[in-house]
Amino acid sequence: MTDRSAAAPGRPVDGLLARARRSPVLWAVAALAVLLLFNLVANPGFFSLRIQDGHLFGNLVNIVKNVAPVLLIAVGMTLVIATRGIDLSVGAVLAISGSVAFTVVEGAADPTSGGTAALAIGLAVAAGLVLGAWNGFLVSVVGIQPIIATLVLMTAGRGIAMLVTDGNIVTAENPVFDWLGGGFVLGLPVQVVITALVLLAVGLFTRRTALGVLIEAVGVNPAAARLAGVRARSITFTVYVFVALVAAVAGLMVTANVSAADANRAGLFIELDAILAVVIGGTSLAGGRYSLTGTVVGALILQTLTTTVLTMGLPDEYIRLFKAVVIIMVFLLQAPWVRAALRRRRPAAPAGGAAGTPADAGPVPPDPVRPSVPEPAAGTGTVPGRPAEQGVLR
């Protein structure tokens, strides 16, 4: 009998390493590490942190704070793309929610009161929910293709925001919005804390319950999911409402950070950054499996690249050029043929046996389920014990 216990301990490790090499997240993490290493070489104090008035400051803190709105939208976009959809209207939803909030604050009798801020935030979130329900209705009920359905709101959304603000940049001062834009919780920026809580909640609901599996099932094959009893339309509707909700919260963050609502420029091209963050993280646009961890890494890559360009003193025009170069490199590293070329060659099989089979294993025992058929006699083409007319056909 062959002793297989000696090879068993090495197999889990080999399988784990093989899965890690095949994972797109690994290459995204490697790209982020290269960017951080480059910044460390160019600026030795890049990783330095300081505590001032009980708050944490530094380049790394600025990166995670500035990436918070994009990451918040990217989390919702991950679920939408996992259902084989897309949402191009999140930038418009961001602009509308910020415009609604600051218009309410500006027109209130007491703009600095907490009640005014609560009303403004509530109306902004409600606007996001309504817009998300509109997108979800067009996609899940009417059956319009997601890219067309959300392109409608992307085109009209900026106009709606301009109507809300009368074409002006609305400014307002309110302690709640000041805290939302530049406040701290336990020494960390409040925007980082909000984004982390949303990410944690989404991770728990999608990975600790059946919701994540249902989302993946809808993305793989919506028709088969419906036949299996999955409420595909309800799930599709829900993810579009959710991504609009987080886009509205991101709109409050962006506008509160500058204490103004600019309907024309707020959240401009943020939908593209969110989609890029999701795809860089390894989530396929074809739907199905997704990775929240990869989305976080993808968003950090984009923001770290922006910070790198700015700290090097280059003009803003170079940011998108460098983004394109890094994105192409990450996608090439994620390509199957590139990963196959970079993968180490497996060691040759030991002499005397096939790969994974010991050379001294001895003859293979007969299969009790499928008995072996005797070979024809040499030069006769017939099997011993059978008539010649029942020759074996090869």
Side-chain angles (χ1 to χ4, degrees), residues 62 65-76 87-135 150 153-185 189-195 197-198 241-274 303:
N62 293 335
K65 178 185 177 182
N66 294 332
V67 81
V70 176
L71 178 56
L72 195 59
I73 296 176
V75 170
D87 193 342
L88 301 178
S89 66
V90 289
V93 174
L94 183 152
I96 293 173
S97 64
S99 300
V100 168
F102 272 75
T103 301
V104 171
V105 173
E106 184 193 36
D110 185 7
T112 60
S113 66
T116 300
L119 177 62
I121 293 174
L123 290 177
V125 171
L129 292 174
V130 171
L131 296 173
W134 169 254
N135 285 335
T150 57
L153 185 56
M154 176 186 179
T155 304
R158 296 285 173 181
I160 296 174
M162 294 288 287
L163 290 175
V164 172
T165 61
D166 290 330
N168 301 319
I169 298 178
V170 181
T171 59
E173 293 291 337
N174 186 284
V176 175
F177 281 93
D178 293 341
W179 175 78
L180 185 61
F184 290 83
V185 175
V190 63
Q191 299 182 11
V192 176
V193 175
I194 293 175
T195 303
L197 291 177
V198 172
V241 172
F242 177 73
V243 72
L245 172 63
V246 294
V249 175
L252 295 174
M253 291 181 178
V254 171
T255 52
N257 194 37
V258 295
S259 298
D262 186 353
N264 193 33
R265 296 184 59 85
L268 193 62
F269 301 128
I270 197 171
E271 61 274 359
L272 302 182
D273 287 339
Q303 186 56 49

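Of all heavy-atom pairs between F102 and T171, the closest is CD2-C, 4.4 Å. Heavy-atom minimum distance, F184 versus P189: CD2-N, 3.6 Å. Between V100 and A124, the shortest heavy-atom contact is CG1-N, 4.1 Å. I270 approaches G91 most closely through the heavy-atom pair CG2-CA, 3.7 Å. Heavy-atom minimum distance, E271 versus V90: CB-CG2, 3.3 Å. Annotation for L88 and T150: closest pair N-OG1, 3.2 Å, computed over non-hydrogen atoms.
Taking CD of Q303 as the start and CG of N66 as the end, the distance is 4.5 Å to the nearest 0.5 Å. Annotation: the span from I160 atom CD1 to L153 atom CG amounts to 6.0 Å, rounded to 0.5 Å. Rounded to the nearest 0.5 Å, atoms CH2 (W179) and CG (N174) are 12.5 Å apart. Here N168 contributes atom CG and M162 contributes atom CE; the two are 8.0 Å apart, rounded to the nearest 0.5 Å.
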Tell me, with the steps shown, if S89 and N135 meet side-chain hydrogen bond (donor to acceptor under 3.5 Å, both in side chains).
CA-CA 9 Å; S89 66; N135 285 335; 2.9 Å; yes

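Sorted by first and then second residue, the side chain to side chain donor-acceptor pair (under 3.5 Å) pairs involving residues 90-111 (not counting sequence neighbours) are D110-T112.
In summary, of the residues considered (L94, V93, T195, D87), a side-chain contact (heavy atoms from CB on, under 4.5 Å) with I73 occurs for L94 alone.
No more than 12 heavy atoms of other residues, nucleotides or ligands sit less than 6.0 Å from atom CD1 of I169.
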Show me, pair by pair, the donor-acceptor contacts under 3.5 angstrom made by side chains of residues 242-268, not counting sequence neighbours?
| from | atom 1 | to | atom 2 | distance (Å) |
| --- | --- | --- | --- | --- |
| T255 | OG1 | G251 | O | 2.7 |
| T255 | OG1 | L252 | O | 3.3 |
| D262 | OD1 | N264 | N | 3.2 |

